[in-house]
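Before any comments, here is the structure.
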Amino acid sequence: MADQKTPVILTDAGIEIKAVYNEKDVKQQPLEAPGAFPYTRGVHPTMYRDKKWTMRQYAGFSTAEESNKRYHYLLSQGTTGLSVAFDLPTQIGYDSDHALADGEVGKVGVAIDSLADIEVLFDGITLQEISTSMTINATGFILLAFYVALAKKQGADLKQISGTIQNDILKEYAARGTYIYPPKPSMRIITDIFDYCSRELPKWNTISISGYHIREAGSDAVQELAFTLSNGKAYLQAAMDKGLDINVFAKRLSFFFNSHNNLFEEVAKFRAARRIWAKMTQDLGATDSKAQMLRFHTQTGGSTLTAQQPENNIVRVTIQALAAVLGGTQSLHTNGFDEALSLPTAEAARTALRTQQIIAYESGAADTVDPLAGSYFVENLTDTLEAQAWELINRIDEMGGSVAAIEQGFMQNEIARSAYKYQQAIEKEEKIIVGVNKFQVKEEAFTNIMKIDESIQAYQVEKLNSLKAKRDNALVLSLLEQLKQVAQTDENIMQTVIACVEAYATLGEIADVLRGVYGEYQG
């Protein structure tokens, strides 16, 4: 007889955990092989036995010159892919000399105003030999144009260029807020990118549909799954409505998930995500196996890091990274332990990278495919997360899909409710955060933090003024006018945007042209 005093234990998503699991708790037997539909056990038959996941370190701060130094350092330490962080003005389409950029230039990422900055950012780095991920959304099409223009200047074969732009505007409306244009024209820009890349950059991942920021905003694991995959479905439908072939463009869609502290729930979440996406794409008509596969990048949970006892964050990041690997991620970024206080120092970034390398080469976690498969607990959690996510996805479908659900405030309200509930649990000590609401110590101020010099904005403005004095301004104005005309038709805008950046039109100038055509979204 069960002990009536045994406490009820819940995952972070509120799923009740039993004391013991057995074969009666598992629905799906036998499991499919890795690399086989619906890809629960991974998208490749051998996973990390043949090739480790891409080890990225998200970096970008201050100027292009300073960020370039960090990239060369990370590459020298064994990073196998770059991941670029951009400052807020770049993210929302303002040049460094704009009034709304004051105080923000170079702060949360690197300041990029023009192709000239991109040339410096990747100085000494051959784009054809490296995979680059760029966390950029509203202005993702402009940053992609910068990257293409630089690749062309380097003499690269565009068919071989690989990387990702995040380009996920729906989660910006739902969770993060760095949008510019209303949903409809934003979706038009995204489908233009799909179309352009399917023809010109076949190895480029045209979107990284992000659950990361949904989770950072306060969602639980079920909501992260449901909202992210519903957004993915909306992108699929928008592209198909434009006449694109799902068996072509869906191969270049990727996902970006968060990894939190609840190890087994996170592993099950990643496994359930692949299963849901495979069924979703199949239902929409995908017959090519590669169009049914969910490939994803993972970042450890920034919102889980604490300013108190920051060294504890190394342990949190390790658990989260291990969950991503056990869950079958294709690439991974590990946060610096000091990121609750500042941008990561070089030392913290190195420790974060070493965390991945130790998991890869010392832990044994990469030696066999889907090592937790067959665990009664993990299989039950995978089934439960999948079922609960489908319930939410179906609710969103009944509202008319993700765009409608966002316009009605459904996703935003659900995330806010979950965040409030989680914070309440911490304040009531129902949820223990080590060093925050339990096991505190008297601490001295943590002083080894990175600070961004306020003079950076003046430096960027000086570079902008110099650029505008040297470039062919008549050509720039002509091309910007051409972009304005193209944006008012159904013609793909990407070739015109690339022509603009090759003439050294700035990011702000291009974004402003489209503000004039599409307006700005007032969320």
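For the residue pair Asp195 and Asn492, a side-chain donor N or O sits within less than 3.5 Å of a side-chain acceptor on the partner. Side-chain atoms of Tyr518 and Arg188 include a donor-acceptor pair closer than 3.5 Å. Checked by atom type, the side-chain pair Gln57/Gln356 shows a donor-acceptor distance below 3.5 Å. Side-chain contact check for Gln460 and Asp113: at least one donor-acceptor pair (N or O, by modelled atom type) lies under 3.5 Å.
Annotation: Phe255 is not in aromatic contact with Phe296 [ring centroid separation under 6.0 Å not met].
Using cut-offs of 30° and 60° on the angle between ring planes, the pair Trp53 and Tyr48 is perpendicular. Ring geometry, Tyr521 versus Tyr173: the interplanar angle exceeds 60°, so the pair is classed perpendicular (tilted spans 30 to 60°).
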request  = Take Glu386 and Lys279 through the test salt bridge (charged side-chain N to carboxylate O under 4.0 Å, His left out) and record every step on the way to the result.
outcome  = CA-CA 11 Å; Glu386 180 190 13; Lys279 295 172 182 176; 2.9 Å; yes
Output side-chain donor-acceptor pairs under 3.5 Å for residues 403-415, partner residues at least two apart or in another chain, one line each.
unit_1	atom_1	unit_2	atom_2	d
Gln412	NE2	Ile406	O	3.0
Asn413	ND2	Gly409	O	3.0
Glu414	OE1	Arg417	NH2	2.8

Donor-acceptor pairs under 3.5 Å, side chain of residues 119-128 to any protein atom, not counting sequence neighbours: which ones?
unit_1	atom_1	unit_2	atom_2	d
Glu119	OE2	Lys153	NZ	2.8
Glu119	OE2	Tyr504	OH	2.6
Gln128	OE1	Asp157	N	2.8

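Ion pairing between Asp117 and Lys463 holds under the 4.0 Å rule for side-chain N and carboxylate O. The pair Arg274-Glu32 does not count as a salt bridge, with every side-chain nitrogen at least 4.0 angstrom from each carboxylate oxygen.
Nearest heavy-atom pair across Val222 and Leu392 is CG1-CD1, 4.2 Å. Closest approach of Gly81 and Ile130 over heavy atoms only: CA-CD1, 4.3 Å. Heavy atoms only, all atoms of each residue included: Glu172 and Tyr179 are closest at O-CD2, 3.7 Å.
In terms of the side chain to side chain donor-acceptor pair (under 3.5 Å) criterion, residue partners of Lys152 (sequence neighbours excluded) are, by chain and number, Glu502.
Of the options Ile510, Val148, Leu507, Leu144, a side chain to side chain contact (heavy atoms under 4.5 Å, CB included) to Val501 is made by Ile510 and by none of the others.
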